[in-house]
2 protein chains.
Amino acid sequence: MSKSVTVHDIAKLANVSSATVSRVLSNSDYPVSEKLRTRILQIAEEVNYVPNLLGKQLKKNSTMTIGIIIPSIINPFYSAVAFGVEEVARQEGFTVFTCNSLQDPELEDEYIQTMMEKQVKGVIISSITTNKEKLKRLIKMNVNVIAIDQKLDEEGISQIEFDHRKGGFLAAKYLQGKGHTRIGYATTKLNRPSRKGICLGYVDAMNEAGLEPFVEEYRSDETVNPIFEFETGRELARRMMDAERPPTAIFACNDLLAFGVIHELRARGLQVPSDVSVMGFDGIDVGQMIHPPLTTVKQPDYEMGKMACRMLVDMTRGEDKPMFNVTLQPKVLERQSVRDLNG
Amino acid sequence: MSKSVTVHDIAKLANVSSATVSRVLSNSDYPVSEKLRTRILQIAEEVNYVPNLLGKQLKKNSTMTIGIIIPSIINPFYSAVAFGVEEVARQEGFTVFTCNSLQDPELEDEYIQTMMEKQVKGVIISSITTNKEKLKRLIKMNVNVIAIDQKLDEEGISQIEFDHRKGGFLAAKYLQGKGHTRIGYATTKLNRPSRKGICLGYVDAMNEAGLEPFVEEYRSDETVNPIFEFETGRELARRMMDAERPPTAIFACNDLLAFGVIHELRARGLQVPSDVSVMGFDGIDVGQMIHPPLTTVKQPDYEMGKMACRMLVDMTRGEDKPMFNVTLQPKVLERQSVRDLNG
DNA sequence: TTGTATGCGTTATCAT
DNA sequence: ATGATAACGCATACAA
């Protein structure tokens with residue numbers, strides 16, 4: 001446990017000032033003679049010099065780190081987002097703190113606080129709190145903030161939105177196009193804008209076609225566990241198929257839920273899609289690994305992460321920060337879980 | 001973009017010294033009169049004081065941050081590990097840098113370097129490089145290191161191992177117990193100890209039973225993409241079923257691969273498990289969401305993450321660091337993808 | 001081209 | 001109980 005070597009140590013060894021050492025080792029464009037430069041580099045190499053970024057960052061008042069706050073890295077959707085974020089962060093020389101808020105407002109605020117204290121340059125957040133005080137403080141502290149997934153109407157925050165409503169609309173329209181008229185929507189608690197958006201879009205499409213919406217909502221509060229989503233899907237499918245007029249197609253608010261729906265249908269001896277069609281939402285990878293491959297609405301998770309980080313990095317660079325929001329568009333991923341009732 | 005407020009600012013406002021302010025705001029046990037304490041706390045509150053951890057950490061030469069280096073957060077197995085790590089880190093007041101090495105030795109070394117420079121207290125790593133020089137430097141720098149998943153025989157590194165070999169053995173034995181004699185093992189490239197371990201265990205069990213091993217290896221180098229694993233599974237299943245004596249049971253080196261195997265079998269009109277049985281390895285959550293629910297060998301991912309972080313935290317505390325390794329034991333998760341050929 | 005000296009925000013040591 | 005000051009490791013304004 002040797003004390004770590006500093007620029008001063010190297011300065012002594014090289015018989016130069018620490019300023020010169022710093023200039024060399026920090027790749028400053030400040031002129032230093034080749035002779036000294038090589039000598040210093042050599043010594044640094046020999047003694048295994050490792051710069052202490054704490055000192056540098058304190059001095060320059062700038063850390064090359066950002067934070068990402070998401071409900072849970074276990075959720076395939078968010079892990080794809082995080083992967084995208086990290087990819088461009090790495091390319092740009094940033095390191096990223098990953099924070100799982102577990103959908104707990106207190107935890108979320110706690111993490112925001114920590115990010116401030118650790119002096120991150122930016123935060124990418126999927127926020128679920130209703131009280132945005134902490135978040136406003138973040139912005140006041142000159143930390144760049146980008147909201148993803150969950151809409152966040154606060155001044156000074158750029159958004160990467162996803163058009164959930166249009167996604168819901170497209171899904172219902174797609175099912176209608178396949179000849180379905182009795183289309184159910186299975187959703188977890190409608191307590192978040194994204195969920196409401198999908199539902200609204202679905203209802204729009206049903207109304208537009210003169211069809212009666214059939215929404216089944218799981219009211220107990222959600223957790224962060226993929227299996228919970230799966231089980232919720234089973235329960236909702238149960239309820240819907242026990243209804244007086246069961247649907248011929250079930251549209252689920254996310255893919256994991258759709259997996260549960262399919263599971264329950266099969267348990268009842270129903271075939272997907274020949275007996276009942278199922279459609280998901282999100283487009284996670286495993287959707288194409290199950291049987292039947294899940295037709296779903298693609299929400300570009302990985303790309304969303306990359307884009308968010310790209311915007312963040314740009315913001316940290318440009319002095320004049322052009323604020324703008326991006327709205328990503330949904331796309332139907334046509335696979336094999338929907339039956340065509342036409343002809 | 002107001003300059004952030006420091007202990008000195010507060011000191012001025014309260015007409016006290018910055019030392020006193022620091023003592024109060026850092027919850028020091030150094031005695032400060034109640035009068036001053038409350039006044040300082042009040043002012044800090046009013047001016048929205050946010051401590052700059054950079055200064056504190058530089059001074060104390062200790063950051064409450066750790067790093068986790070894994071191949072890819074997109075892989076459900078590693079995201080579960082990361083989730084576990086983050087959970088206990090949070091409880092213990094640590095923040096975690098998440099790093100995806102993408103199985104690239106250079107990237108891995110780069111991240112190790114960054115972790116050193118950022119002065120993390122510990123690193124949890126699933127290392128795939130053969131050259132462990134950088135890692136040794138880490139240890140010399142007094143950073144605690146815990147190896148997970150991939151074995152790492154270096155002095156000063158604690159390991160959380162998983163008994164892959166026994167896992168492979170158990171799987172083969174399980175299939176044998178169900179009456180299977182022609183059991184194939186489908187694996188990605190056998191270039192990592194963990195994969196070799198599973199294979200060895202499988203071969204052990206086959207030999208022990210006087211059965212002929214049947215290993216099909218995908219030789220091209222793997223990537224980090226779950227879909228790649230899936231496709232690999234399809235390809236391997238194709239090869240195995242095209243063999244002269246196709247197996248009645250296929251054991252895959254991970255669950256995603258098993259998904260691909262099942263997919264390919266179905267594409268050939270074969271039912272799982274009535275025609276061919278399939279067994280996976282890892283026990284990721286989605287395994288129970290597909291059809292049929294996948295029988296597999298559980299590798300305790302989440303618990304592994306928690307345990308690794310717990311050990312790490314303990315190491316950062318205790319002055320005398322008791323080094324020890326943990327070997328987690330495999331367990332067969334009996335679900336419905338294996339047919340019982342007996343009676 | 002090189003060196004000196006100061007400060008980033010914090011805490012710890014030593015006086016008072 | 002409180003204050004003055006130095007120090008953590010680094011980068012930079014200024015002097016030489």
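As a basis for the values below, the full set of heavy atoms in this structure was taken, side chains included, without hydrogen atoms, waters or symmetry mates. A quick note: this is a predicted structure, and the numbers were derived from the prediction, not measured.
- Going from atom CE of M116(A) over to atom P of dG9(C) covers 16 Å, rounded to whole Å.
- Across the protein-nucleic acid pair, K12(A) atom NZ and dT2(C) atom P stand 20 Å apart, rounded to whole Å.
- For the helix from dT1(C)-dA16(D) to dT16(C)-dA1(D), the end axes, each set by the C1' atoms of five terminal pairs, are bent relative to each other by 50° (nearest 10°).
- When all heavy atoms of I73(A) and A82(A) are compared, the closest pair comes out as CD1-CB, 3.6 Å.
- Counting to the nearest Å, the P atom of dA1(D) and the CG atom of D29(B) are 12 Å from each other.
- Among the candidates R137(B), K132(B), E133(B), the single residue satisfying the side chain to side chain contact (heavy atoms under 4.5 Å, CB included) test with L135(B) is K132(B).
- N15(B) comes within contact range of the sugar-phosphate backbone alone, with a heavy-atom separation under 4.0 Å but no base atom that close.
- Shown here are the side-chain contact (heavy atoms from CB on, under 4.5 Å) partners of E45(B), two or more places apart in sequence or in another chain: there are none.
- Between R310(A) and E303(A), no side-chain nitrogen of the basic residue sits less than 4.0 Å from a carboxylate oxygen of the acidic one, so the salt-bridge criterion is not met.
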E34(B) vs R39(B), salt bridge (charged side-chain N to carboxylate O under 4.0 Å, His left out): CA-CA, chis, key distance, verdict: CA-CA 8 Å; E34(B) 265 320 303; R39(B) 183 145 60 99; over 6 Å; no
Going 5' to 3' along nucleotides 9-14 of chain D, which nucleotides have protein heavy atoms under 4.0 Å from the base (write B), which only from the sugar-phosphate (write S), and which from neither (write -)? BBBBBB
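- When all heavy atoms of L328(B) and P300(B) are compared, the closest pair comes out as CD1-CG, 3.9 Å.
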